[in-house]
Structure formats: C-alpha cells, structure tokens
Amino acid sequence: MVAERILLLKHLDQVLMLLWSLLIIFASFSEQTDGLTLLAPSSVFEGDSIFLKCQEEQTSKIKLMTYYKDKRLLFYSRQASSFPIQNVVLSDSGEYYCTATFKNILQRKKTSAIINIKVQELFPYLMLTASTFQPIEGDPVTLTCETQLPPQRSNVQLQFCFFRDGQALGSGCSSSPELQIPVMWREHSGSYWCKVIAVSNRARKQSLQHQIHVQRIPVSDVSLETQAPGGWVIEGQKLVLLCSVAKGTGNITFSWHRKATENSLGNKKTQGFLSTELEIQAMKESDAGEYYCRADNGHESIQSKVVNIFVKIPVSCPVLTFRIPRAQAVVGDVVELHCEALRGSPPILYQFYHEDVIMGNSSAPSGGGVSFNFSLTAKHSGNYSCEANNGLWVQRSEAVSFSISDSDGHRRDFVTVRILGGLFGILGFFGVAWLFYCWSHKISGASSVTNGPRDYHVISSLFHRGADVPNPQESTHSSPIPAIEELQPVYVNVDPVGVDVIYSQVWTSQHPESSANARRTFSENMDSQVIYSSVKKS
C-alpha cells in the first residue's frame with residue numbers, strides 16, 4: 001500500500017513537471033506585441049545620428065531588452081534603454097525591432113512591431129565635369145564637382161576636394177565646387193575625381209573617376225635671331241642669341257650650337273615658353289662662324305636655319321715708318337710714308353699728318369697698310385704721324401721726327417758765320433789799335449829823349465782758320481810789307497770753310513821826324529794803311 005502511494009506520487013510529480021514545462025514553452029511562444037513599441041525617426045539621411053528606443057509601459061518589470069536588425073542581434077541591455085546609431089550610412093538601412101523579457105513568469109517576453117528604416121543619400125547626384133577632357137598642352141582646365149542636396153537638407157554646408165591619381169589638387173578642400181588649373185602639361189594626364197563632405201556630420205561621397213588626356217603639339221618653325229645688325233658684333237661685346245618656335249606645347253628644351261664644333265654652347269634650357277636666349281658675354285675673333293639652335297618637346301628635335309656671325313675688330317694703334325732713297329735725305333728726294341695697323345677689321349682709312357696738319361689719306365679695303373709719297377722741300381722737317389679708322393675705333397700713331405740735309409742752307413750758315421766773324425774782327429782790331437795807341441803815346445814821351453821819334457804802321461790781316469790754313473803766329477816780323485797788297489778784300493766770297501778765330505799782326509818802322517810829326521804821321525798812317533783781307537788757301 002505504501003509502495004503504491006510512493007509510485008503514485010512519483011507519477012504525479014512527473015506530470016506536474018511536464019505541465020510546468022508545457023506552460024513555459026507556451027509562455028515563450030505566446031510573445032505579445034501589445035504595449036511594446038520601437039521608436040525611430042521617419043526620415044534618415046547619410047551622416048545622421050539616430051536613436052532607437054524600445055518603449056514599454058511597465059519598464060520596471062523588464063528583465064532584458066534586446067534590439068535587432070534584419071533578425072540579427074544589435075544590442076541588449078538588462079534595463080530599459082535606447083540604442084544609438086552614429087553617422088548612419090546607406091548600409092544601415094533595414095528592418096529593426098526590439099524585444100522585452102519580463103520578470104513575471106506568466107508574461108515572459110514581448111516583441112515590438114518591425115520598423116523599416118531607409119537611409120537616404122545626402123548627395124543623390126555627384127559628378128565630376130571638366131571644361132575639356134582632352135586639353136591641348138598649355139591650355140587651362142576647369143574642374144567642377146556637381147551635386148544637389150535634398151530639400152530636407154538644403155542648409156547643409158559642403159566641402160569639395162579634387163584628386164588626380166590619388167593626389168590631392170590645389171590647396172586642399174574648399175567650399176567652392178570648382179578648381180581652376182591654369183596650365184595643363186602632358187604629365188598632368190591621369191585619372192581625376194572629386195569628393196564632397198558635409199561639414200556638420202562629415203558625410204562624404206566620391207564621384208566616379210574620369211580620364212583626362214593632355215594633347216601635346218610638336219615644335220615647328222624653329223628660328224634663331226641675334227640683336228647684332230647683319231650678324232656683325234664688335235670684339236669684346238656681348239652676343240645674344242634668341243631661339244624661338246612658332247608652335248609647340250609643353251616643356252621645350254633649347255640648345256645652341258656653332259657649326260664648326262657642333263658642340264652645345266653653354267647649358268641647355270628647358271622651359272614652358274616658346275622662346276629663350278643665350279648670352280655670350282665677350283666675343284672673340286675666333287667666335288665668328290655659323291650658329292644655329294635646336295628645340296625639342298619630346299616628339300622630335302627641330303633645327304633652325306644657320307645664322308652667320310661676324311666679329312668686327314677695332315683697329316689697333318698704327319705704326320708709321322719712313323722709306324727714303326739714301327741715309328740722309330735732302331731736298332728734292334721722294335719720301336714714302338707707310339702706315340699700318342696690325343689688327344682691325346677692314347676697310348681701314350688712313351690719314352697722314354705733318355705737325356698735326358693733314359697731308360693726305362688712303363684706304364685699305366682689305367686691311368693691311370698703305371703708303372703716301374711726297375717730294376721733300378726745306379719745309380718738310382718736323383714731326384709726322386698717321387691715324388687709322390675702321391669705323392669702330394680711331395687710333396693715332398706715335399709721332400716720328402724727321403730732318404732734312406740742305407746744302408744751300410749750309411752755305412747760308414757759313415756766310416752768316418763769316419759776317420759775324422768780320423764784325424767781331426773789326427771790333428777787336430779797333431780795340432787793339434786803341435790799346436796800342438795808348439801804349440805808344442806813353443812811349444813817345446820817353447823815346448824823344450833817347451831814341452827819337454818812331455812811326456807806327458799797323459797792318460791787320462784776318463785769318464780764317466781751316467784745316468789747311470797755317471797758324472798766323474808763325475809769321476815773322478821780317479815779312480815784306482808789299483806782300484800785303486796781294487791780299488783780297490774781306491767781302492769777297494770764298495769757299496765755305498769752318499771759320500771761328502780772327503788774328504792780327506802789327507809792324508813798326510822808325511822815322512827821324514819830330515814827335516809831333518810822328519803823332520800826326522801815325523794817325524794818318526793808321527787811317528790809310530789798315531787793310532782787311534782774307535788769307536788765301538795754299
């Protein structure tokens with residue numbers, strides 16, 4: 001009996017456990033939606049921040065709250081709370097609902113109704129446009145990032161950014177939807193796109209990529225010019241060679257060459273302009289020749305026409321030389337003056353000067369020197385010089401002194417010397433006579449007592465000293481007086497002999513007259529017997 005009761009109790013316990021399990025299972029499948037609501041915004045755009053809130057009247061009885069999206073668990077909490085979603089994106093769109101588990105065993109769980117949240121694009125339209133996608137090298141291009149905001153978000157501030165092959169263009173993002181590229185080069189070809197960013201919520205969107213191909217135009221019509229008129233440049237001056245092209249885009253490399261060497265002159269220049277110049281600071285005579293330039297922008301190197309450069313040399317200081325027929329030129333000889341500048345570009349004009357007075361001129365069309373001939377006269381002694389002028393420079397030679405040997409002039413000098421010698425001889429004679437008179441006058445007083453009176457005869461002869469004239473001091477007092485009559489007067493012209501000394505001789509003879517008569521006779525004889533004569537050459 002007891003065993004049966006125990007067995008019955010065991011069966012009853014099992015039945016109760018089964019009922020309890022069935023009750024729990026039923027409770028779990030009997031979720032209620034009444035009273036549990038999921039709250040969400042009706043309009044959602046990219047970048048918005050939203051809050052999902054599961055609302056229940058008996059929040060204090062909630063044991064567990066869970067949020068789901070598309071039947072996937074997003075978030076759960078052991079107390080009633082909301083679920084935030086920051087900066088929503090398009091992928092956040094979906095079906096959302098929440099559940100609440102209660103502490104009451106008979107009301108274990110509630111599930112909210114499903115809410116469909118669709119995130120809208122903040123930039124439904126975004127496109128990169130360009131003024132041209134195939135610009136010519138050197139042309140500008142304008143990029144535009146086009147978009148349109150929904151009416152509900154029309155007040156959102158935007159930032160625009162532009163990119164080429166992953167590299168940001170310009171100074172970064174700006175509020176302007178346009179970007180100006182002033183010059184496009186071939187290396188600017190690539191993939192371009194733009195990006196728009198909302199300032200408030202940092203929502204962003206990128207446009208599709210577009211290819212821009214920059215077209216390059218080959219160089220053409222290369223020319224070389226110089227500032228030197230006719231290609232002439234003065235030695236030592238600067239030469240400027242200007243190389244230019246009529247057409248061509250991109251960076252153009254210019255080089256200059258001289259045909260004699262073919263080597264590049266100076267450094268090559270690469271730039272984005274159609275012309276550039278090369279300066280040669282100081283031209284030399286050896287720099288003359290044919291010049292040309294080349295231009296290349298990557299397609300083909302094009303050469304200009306050849307330009308001839310001529311170097312003008314300023315004339316150097318000329319040298320003046322004489323050419324005479326004998327060692328000592330005389331009047332009547334023909335003299336040749338030769339003037340030559342060793343350096344200087346032709347033609348050279350020469351002028352000849354005598355004492356800074358122009359005698360004549362002559363031109364050397366091919367350079368070198370010229371000559372000027374003239375017949376000598378007595379007036380041609382003096383300083384001579386010449387001048388060279390080739391239009392670039394004028395140079396004057398050093399002065400050269402020239403003297404002439406004149407026989408007539410020599411004779412005139414001799415006569416002048418003789419005349420002067422005669423005058424000095426007369427003065428010397430009178431001086432000697434005067435001294436002699438004074439001396440004889442004193443002697444006469446003493447002679448009257450002893451010797452008696454004596455007459456004095458003074459004879460003066462002029463001797464012209466020459467190489468073959470004997471010394472007058474060798475003459476004796478015994479020379480006969482009549483020989484004096486053979487002498488010729490002093491004024492007779494004689495052969496030119498160098499004369500610079502005059503000599504005198506005095507002879508005395510005694511007479512028996514009185515001293516008074518002696519004085520008278522002396523005076524008369526002195527007046528009548530003074531003779532001026534030249535000694536004949538032996």
Side-chain angles (χ1 to χ4, degrees), residues 43-49 86-92 119-220 244-254 269-276 295-299:
S43 177
V44 179
F45 289 90
E46 289 178 293
D48 289 351
S49 295
Q86 302 289 338
N87 299 325
V88 297
V89 294
L90 295 178
S91 60
D92 289 329
V119 180
Q120 304 180 59
E121 290 186 273
L122 183 61
F123 316 106
Y125 171 78
L126 182 63
M127 179 180 291
L128 175 68
T129 61
S131 56
T132 175
F133 286 99
Q134 290 185 336
I136 296 176
E137 203 169 25
D139 289 348
V141 168
T142 300
L143 301 178
T144 304
C145 196
E146 296 180 355
T147 188
Q148 185 176 3
L149 290 171
Q152 299 91 327
R153 298 290 188 272
S154 59
N155 59 345
V156 174
Q157 294 184 356
L158 303 177
Q159 290 280 321
F160 299 90
C161 312
F162 297 86
F163 300 86
R164 181 186 73 239
D165 296 333
Q167 299 293 326
L169 299 177
S171 58
C173 299
S174 68
S175 59
S176 173
E178 292 186 352
L179 175 67
Q180 296 282 345
I181 302 177
V183 179
M184 293 290 288
W185 304 117
R186 192 168 69 171
E187 54 268 23
H188 292 163
S189 299
S191 181
Y192 288 76
W193 72 87
C194 69
K195 180 190 293 185
V196 61
I197 303 174
V199 176
S200 58
N201 54 27
R202 307 306 297 172
R204 61 191 63 201
K205 188 174 184 179
Q206 178 178 312
S207 70
L208 297 176
Q209 297 187 10
H210 294 273
Q211 294 294 321
I212 294 181
H213 299 281
V214 182
Q215 308 297 314
R216 171 164 290 182
I217 298 177
V219 295
S220 61
S244 59
V245 298
K247 295 180 180 179
T249 59
N251 286 330
I252 303 175
T253 299
F254 295 90
K269 293 185 178 181
T270 301
Q271 58 184 34
F273 303 103
L274 298 180
S275 64
T276 187
D296 184 8
N297 66 346
H299 282 274

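Looking at heavy atoms from C-beta onward, Phe45 lies out of side-chain contact with Val156 at the 4.5 angstrom threshold. A heavy-atom distance below 4.5 Å is found between the side chains of Pro135 and Ile212. Within the 4.5 Å cutoff, no side-chain heavy atoms of Pro140 are placed close to those of Ile181. Contact check for Asn297 versus Arg186: no side-chain heavy atoms found under the 4.5 Å cut-off. Between Arg202 and Ile197 the shortest side-chain heavy-atom distance falls below 4.5 Å. When side chains are defined from C-beta on, Gln120 counts as touching Ser43, because their heavy atoms get closer than 4.5 Å.
A distance below 2.5 Å between sulfur gamma atoms is met by Cys145 and Cys194.
Checked by atom type, the side-chain pair Gln209/Tyr192 shows no donor-acceptor distance below 3.5 Å.
The side-chain hydrogen bond (donor to acceptor under 3.5 Å, both in side chains) search around Glu137 returns Arg216, Thr249, not counting sequence neighbours. Under the salt bridge (charged side-chain N to carboxylate O under 4.0 Å, His left out) criterion, Asp48 pairs with Arg153, not counting sequence neighbours. The salt bridge (charged side-chain N to carboxylate O under 4.0 Å, His left out) search around Lys205 returns Glu121, not counting sequence neighbours. The side-chain hydrogen bond (donor to acceptor under 3.5 Å, both in side chains) check on Gln180 picks up Thr142, with sequence neighbours excluded. With sequence neighbours excluded, no residue satisfies side-chain hydrogen bond (donor to acceptor under 3.5 Å, both in side chains) with Ser220.
Here the straight-line distance linking atom OH of Tyr125 with atom OG1 of Thr147 works out to 8.5 Å at 0.5 Å rounding. Note: Asp139 CG to Ser131 OG = 9.0 Å, rounded to the nearest 0.5 Å. Rounded to the nearest 0.5 angstrom, Leu158 CG and Phe123 CZ are separated by 5.0 Å. Annotation: the span from Gln215 atom CD to Thr132 atom OG1 amounts to 8.5 Å, rounded to 0.5 Å. One finds the CE atom of Met184 at 12.5 Å from the CD1 atom of Ile136 (value rounded to the nearest 0.5 Å). Here Ser207 contributes atom OG and Lys195 contributes atom NZ; the two are 10.5 Å apart, rounded to the nearest 0.5 Å.
Among Thr276, Ile252, Thr253, the one residue that satisfies the side chain to side chain contact (heavy atoms under 4.5 Å, CB included) test with Lys269 is Thr276.
Residues Glu187 and Asn251 come closest through the heavy atom pair OE2-ND2, 4.0 Å.
Side-chain rings of His213 and Phe133 stay apart, their centers remaining 6.0 Å or farther from each other.
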Review item, side-chain donor-acceptor pairs of residues 163-171, under 3.5 Å, at least two apart:
{"unit_1": "Asp165", "atom_1": "OD1", "unit_2": "Ser191", "atom_2": "N", "d": "2.9"}

